[in-house]
Number of protein chains: 2
Amino acid sequence: MAQDRPRTAAKGSARGTYAVGDARRQKILDTAVEHFALWGFHASSLARIAAACGITQGGLLHHFRSKEDLLLSVLAQSEQHDVERLFAEPPESVAAHFATVVALAEDNERRPGLVRMFHTLVGEAANPGHPAHAYFRQRYARVLDHTVELLQAGVARGELRPGTDCEAAGREILAVMDGLQIQWVLAPASVDMPARLRGFLDRLLRDLSPA
Amino acid sequence: MAQDRPRTAAKGSARGTYAVGDARRQKILDTAVEHFALWGFHASSLARIAAACGITQGGLLHHFRSKEDLLLSVLAQSEQHDVERLFAEPPESVAAHFATVVALAEDNERRPGLVRMFHTLVGEAANPGHPAHAYFRQRYARVLDHTVELLQAGVARGELRPGTDCEAAGREILAVMDGLQIQWVLAPASVDMPARLRGFLDRLLRDLSPA
DNA sequence: GTCTATACTAGGATAGAC
DNA sequence: GTCTATCCTAGTATAGAC
């Protein structure tokens, strides 16, 4: 579990209920992203993460009571970036939502660390005993549900053909996003994620549109 | 590198250049697949793999000179299953090739261990320092090349629309396969991989067919 | 071919000083 | 809040006996 400080309380204002002294805490989180991205959870080492922050392992464990706590804190923070963007505003149309998805892929190209981290962790987390297993199961279920709901709303509005299999389409969309990320992580220069995604989504929308 | 024994020589015949005594070696390989599937490479332990085979770590290292050797041997063996099937016969048509891809997904549903292993390892192997990094880069490049060639042949035969972006289509197909596997590994009961894949490929073929 | 024993390295977590 | 010191566990690989 993440440390229980009144952090989220001071959302909007620059001066909140907590002092700015947690720059160190944030630095640890950022460094952890880099390390988890490169080595995953198991092969990452608290001592190395700490050293990269200029402190010792003992110092790090003052901020996060265990390695697992650090991992879950990292995931909780990173979630906001992705999910808040997709979940925030109910889009006006399916096309608008697809545009958001492409924009997210463009974002991702600019932060390879996060993409690599999720790619690496989702591999490890396939094991039910992995500390992030539950997180990833929930994350996938939630993103899928949300996508399916948006597609169903599109059907209701007449943008999509009646009888569209929204779950199938939603799973396809998630699959293409993830699959392209794999290819991109293995060979970044050779994959244009946003372009491929846009191509796929445009075709999908055309295919699902009423005749 | 894999151990250098004259193994591939005795391909067709039941009695080859080597005795059948390597049942132990095969058992180690099979056990390693299970372990790599659950824990990946780093978190797997030679001692536990050995114990699951009824021998000690020292005994295991008689067959494979290092943990890395074991991993690469496992990958080399598993490759045959997947790739020989896809690469063997040049298909008569794009539709025939797509049917083979769906059949491969059906196979995969029956051997969750291999799917989980590849899923887990491809995550870890994102790190250039990982012993399987080169293997996965090559594997992806080769499968993509092969797919693109088949699609181009389809264009040449007039099955697909002239001007088709075969690389884009090939990457989409790989992405959907991989992405569905992620969803399946996280929640096997809720994903029908072959059905989703067939749906996608049917639509793709329809979209790419000449008007 | 398999065993036991051991050398070596490394990681997570705790305790207590400053 | 950070450090040093320490405990404990675990893993790879080697050497040599049987």
Side-chain angles (χ1 to χ4, degrees), chain A residues 1-7 18-32 34-36 38-74 120-121 124 127 129-132, chain B residues 1-7 18-32 34-36 38-74 120-121 124 127 129-132:
Chain A
M1 297 303 140
Q3 219 112 346
D4 29 20
R5 307 246 217 107
R7 307 191 63 77
Y18 60 96
V20 211
D22 327 65
R24 169 118 306 151
R25 195 188 148 93
Q26 188 56 49
K27 170 146 195 178
I28 295 173
L29 286 171
D30 293 341
T31 308
E34 298 171 21
H35 282 243
F36 290 153
L38 271 177
W39 298 297
F41 176 71
H42 278 120
S44 288
S45 134
L46 291 180
R48 280 198 301 268
I49 294 173
C53 296
I55 60 174
T56 63
Q57 192 201 22
L60 190 156
L61 284 172
H62 172 77
H63 297 275
F64 302 91
R65 58 174 66 85
S66 71
K67 194 186 184 186
E68 184 169 333
D69 179 31
L70 175 60
L71 171 67
L72 295 178
S73 300
V74 161
T120 306
L121 289 181
E124 267 188 303
N127 181 349
H130 192 280
Chain B
M1 297 302 141
Q3 219 113 344
D4 29 20
R5 306 244 217 109
R7 308 192 62 78
Y18 60 95
V20 210
D22 327 65
R24 169 116 307 151
R25 194 185 149 92
Q26 188 55 49
K27 170 145 195 177
I28 296 172
L29 287 170
D30 293 341
T31 308
E34 298 170 20
H35 282 242
F36 290 153
L38 270 177
W39 299 296
F41 176 71
H42 279 120
S44 290
S45 134
L46 290 181
R48 279 197 302 267
I49 294 173
C53 296
I55 60 174
T56 64
Q57 192 199 224
L60 190 157
L61 284 171
H62 171 78
H63 297 276
F64 302 91
R65 59 173 64 84
S66 72
K67 193 185 184 187
E68 185 169 333
D69 178 31
L70 175 59
L71 172 66
L72 296 178
S73 301
V74 161
T120 306
L121 289 180
E124 269 188 303
N127 182 349
H130 192 280

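In this text, all values refer to a predicted model and were calculated from it rather than measured experimentally.
Taking only side-chain nitrogens and oxygens, B/H63 comes nearer than 4.0 Å to OP1 or OP2 of C/dT2. OP1 or OP2 of D/dC3 lies within a sub-4.0 Å distance of a side-chain N or O belonging to A/T56. The shortest distance between the side-chain N/O atoms of B/R65 and the OP1/OP2 oxygens of D/dT14 is not below 4.0 Å.
Whole-Å rounding puts the A/E68 CD to C/dG12 P distance at 12 Å. If you take NE2 of B/H42 and C1' of D/dG11, they are 12 Å apart, rounded to a whole angstrom. One atom, CG of A/L70, and another, C1' of C/dA13, lie 14 Å apart when rounded to the nearest Å. The interatomic distance linking A/L46 (CG) with C/dG12 (P) rounds to 4 Å, in whole Å. Between the C1' atom of C/dG12 and the CZ atom of A/R48 lies a distance of 13 Å, rounded to the nearest Å. When the P atom of C/dC3 is taken as reference, atom NE2 of B/H62 falls 11 Å away, rounded to whole Å. Counting to the nearest Å, the C1' atom of D/dT12 and the CZ atom of B/F64 are 16 Å from each other. Going from atom CD1 of A/I28 over to atom C1' of D/dG1 covers 10 Å, rounded to whole Å.
At least one side-chain heavy atom of B/L71 sits less than 4.5 Å from a side-chain heavy atom of B/H130. Contact of the A/I55 side chain with the A/R24 side chain is registered, since non-hydrogen atoms from C-beta on lie closer than 4.5 Å. Here the side chains of B/L46 and B/F64 are not in contact, with every heavy-atom distance at 4.5 Å or above.
Ring pair A/F41/A/F36 is tilted by interplanar angle, where 30° to 60° counts as tilted.
One side chain, B/Q26 or B/D30, offers a donor N or O that lies under 3.5 Å from an acceptor on the other.
Side chain of B/L61, nearest nucleotide from C/dG1, D/dT14, D/dG11: D/dT14. Of the candidate nucleotides C/dC3, D/dA13, D/dT2, D/dA13 has the atom lying nearest to any side-chain atom of B/K67. Checked against D/dA13, D/dT12, C/dT2, the side chain of B/S66 finds its nearest nucleotide in D/dA13.
Looking at A/Q57, its side chain has no donor and acceptor atom pair within 3.5 Å of the base of C/dG11.
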